[in-house]
Amino acid sequence: MGWLKIGKFRSHKYPPGTKNSLLEEDSPTPFTADIEQNEKLLQETFEDCSDLAYRRIDVNQNVHWLIVYIENLIDKTTLEENVIKPLLMSVTSDTYPKEFGDLKSEMISIGTAIRTTKVSEAVTNILEGHAAILATGSSVVTTVSIPGTSKRSIDEASSEPVIRGPRDGFIEHISTNISLIRARLKTSKLKMEYITLGELSKTRIAITYLKGIASETVVDEVKARLKPIKLEGVLDSGNIEEFIEDQPYSPFPQVHSTERPDVVVAELLEGKVAILVDTTPFAIVVPMTFWTGLQASEDYYIRWPIATFVRWIRFLFIIFAIFAPPMYVAITTFHQEMIPTNLVLSIASSRDAVPFPAMIEALLIEVIFEALREAGIRLPKQIGQAISIVGGLVIGQAAVQAGFISAPVVIIVSITGISAFTIPRYSFANGIRLLRFPMLFLAGILGLYGIVLGLLAIMLHVTNLRSFGSLYFSPVAPLKLTALKDVLIRIPIWAKFRPSLRPNQEGE
């Protein structure tokens, strides 16, 4: 297989004499009054596309229609009932238009119909699930929307389950996702601005915000960052996420991804901007703060004392998720005098047969735990959880009995793994998981001094990090006392206010 040149596959250079399909699709060539010539233009553009259908309707010597569509993108029954049948009936009716330009208003009994004289516009509409209608003696082509692709039913968001709250989640169709938001915000202030990204995928992107509530600066910044993106295909919101982040090398996500429409609506009401991407159930919300990653949608559906208690549990366990293994390594390696005597003797006896230093021991079991977690996600749902749980128990018990690792480190890593699962935002939890490993190395090399240096580095990073102009650690740094009502505690709904999301200027 050495003869394959994989690296050359994505080249945009075309040999002399070949056709560039991108140029054909974007060509400004207009349609003519000759239906045969118009058909030839479409055939050249869709060359070697076997799923493109050409439906001819010959009424008499003077009236000919040609309907062009992609078979798998339209509903053929709707085409027959709302396009072909009205066309045939109109020929014998007194309402038959004198000019084909009147086709849209008088002959087609379907919702969305677009008239165009440009080949590129007709091609784009056909690729989006339209049927193009060409007629003898007319340079005007009418495309009618006849969507027929199958849609996944609206189910509960699998990555963000709740005990109490709405059960609907986004799906892969942007029109359905927009309807879920519109159903919750029945106001003309809800704005939807479309752009298209992807040279080949032509993916629709909707920029969503509440006019008068969202900062105009943030809205303009979102548009400015999205429009220059140059990709051949946009398959998921994650494809554009890396392009719009302020600091792509940070372990912390600077955009909030969610598949829950109620979360998007709540963020819009706070003055944020949502980005919906067609073909994916995950929406992006900006700007994001550090505290957004620790807030679950269910916090606002249960009583505020319980929500506050659960939120403090998350704060406690995020500390465990980052610092529990490093603290164990630092204390057992360099600072044994900090541990009570009985505990020191217990740990020492459990580590007698272990051949590895504490840092290597903790790192080894952490990697195994992450591998089991990843395997549980990738395996079929029916056996994934069983494999991850049973595998963890069997491997951990066998490793302790064999003397490869000690029992205390298994307990510490297990608590650490559980701690990471308490973080409600998956992308935020991934950043926390990643921080654990450099902290382990610092603890193994410098002890508690290394942990303090690592903590200082993390704090310096998050306090200087920005998300679309807003400081990531706001409202704690810079401190805004009034905004703390929805950070450390979850205030009652009747006392809730809208936090300021105006981009922070230097020196604020």
Reported CZ-to-CD distance for the pair Phe282 and Glu241, which is rounded to 0.5 angstrom: 10.5 Å

Backbone of Val234 reached by a side-chain donor or acceptor of Thr203 within 3.5 Å: yes

Using the ring-ring contact (aromatic ring centres under 6.0 Å, His included) rule, take Phe290 and Phe428 through it: C-alpha gap first, then chi angles, then the decisive distance, then the call. CA-CA 9 Å; Phe290 177 89; Phe428 190 80; 5.2 Å; yes

Donor-acceptor pair, Ser346 side chain versus Asn342 backbone, under 3.5 Å? no

Report, as yes or no, whether the 6.0 Å neighbourhood of atom NZ on Lys223 holds more than 12 heavy atoms from other residues, nucleotides or ligands. yes

For the OG1 atom of Thr208 and the CD1 atom of Ile178, what is their distance to the nearest 0.5 Å? 6.0 Å

Rounded to the nearest 0.5 Å, what's the gap from CD on Glu221 to CG on Leu226? Could you check? 10.0 Å

Taken to the nearest 0.5 Å, the spacing of Asp168 CG from Glu259 CD works out to 11.0 Å

If you draw a 6.0 Å radius around CZ in Phe441, do more than 12 non-hydrogen atoms from other residues or ligands fall strictly inside? no

How about Glu216: does its CD atom have over 12 heavy atoms from other parts shown lying under 6.0 Å from it? yes

Whether Glu298 side chain and Ile163 backbone form a donor-acceptor pair below 3.5 Å: yes

Closer than 3.5 angstrom, by distance alone: can the side chain of Asn239 be matched with the main-chain N or O of Asp236 as a donor-acceptor pair? yes

Exceeds 12 heavy-atom contacts within 6.0 angstrom, atom CZ of Phe315: yes

Before giving the answer on side-chain hydrogen bond (donor to acceptor under 3.5 Å, both in side chains), spell out for Asp246 and Tyr472 the whole-Å C-alpha distance, their side-chain angles and the decisive distance to 0.1 Å. CA-CA 11 Å; Asp246 291 64; Tyr472 197 67; over 6 Å; no

When rounded to the nearest 0.5 angstrom, what is the spacing between CE in Met288 and CG in Leu465? 10.0 Å

Donor-acceptor contact below 3.5 Å, side chain Arg260 vs main chain Glu160: yes

Checking side-chain contact (heavy atoms from CB on, under 4.5 Å) between Ser414 and each of Ile412, Val410, Ile411, which is the one that passes? Val410

In the structure I gave you, are the side-chain heavy atoms of Ile171 and Asn177 within less than 4.5 Å of one another anywhere? yes

As an exercise, state the distance from OG of Ser406 to CZ of Arg351, rounded to the nearest 0.5 Å. 5.5 Å

Do other residues, nucleotides or ligands put more than 12 heavy atoms under 6.0 Å from Phe320 CZ? no

Donor-acceptor under 3.5 Å (Ser179 side chain, Thr176 main chain): yes

Using modelled atom types only, decide if a donor and an acceptor are shared between the side chain of Arg167 and the backbone of Gly165 within a distance under 3.5 Å. yes

Tell me whether the rings of Trp291 and Phe473 are parallel (<30°), tilted (30 to 60°) or perpendicular (>60°). tilted

Answer yes or no: does atom CZ of Phe404 have more than 12 heavy-atom neighbours from other residues, nucleotides or ligands under 6.0 Å? no

Is the backbone of Ser419 close enough, under 3.5 Å, to the side chain of Thr422 for a donor and an acceptor to pair up by distance? yes

Side chain to side chain, Leu448 and Met327, heavy atoms closer than 4.5 Å: yes

Show the numbers, then the answer: is there a side-chain hydrogen bond (donor to acceptor under 3.5 Å, both in side chains) between Thr292 and Thr289? CA-CA 5 Å; Thr292 303; Thr289 65; 3.0 Å; yes

Cation-pi, Phe468 ring and Arg225 (6.0 angstrom, 45 degrees): yes

Can you establish whether the number of heavy atoms outside Tyr194 located under 6.0 Å from its atom OH is more than 12? yes

Is a side-chain donor or acceptor of Arg204 paired with a backbone partner of Asp278 at a separation under 3.5 angstrom? no

If we ignore hydrogens and angles and just use 3.5 Å, is the side chain of Lys202 paired with the main-chain N or O of Glu199 as donor and acceptor? yes

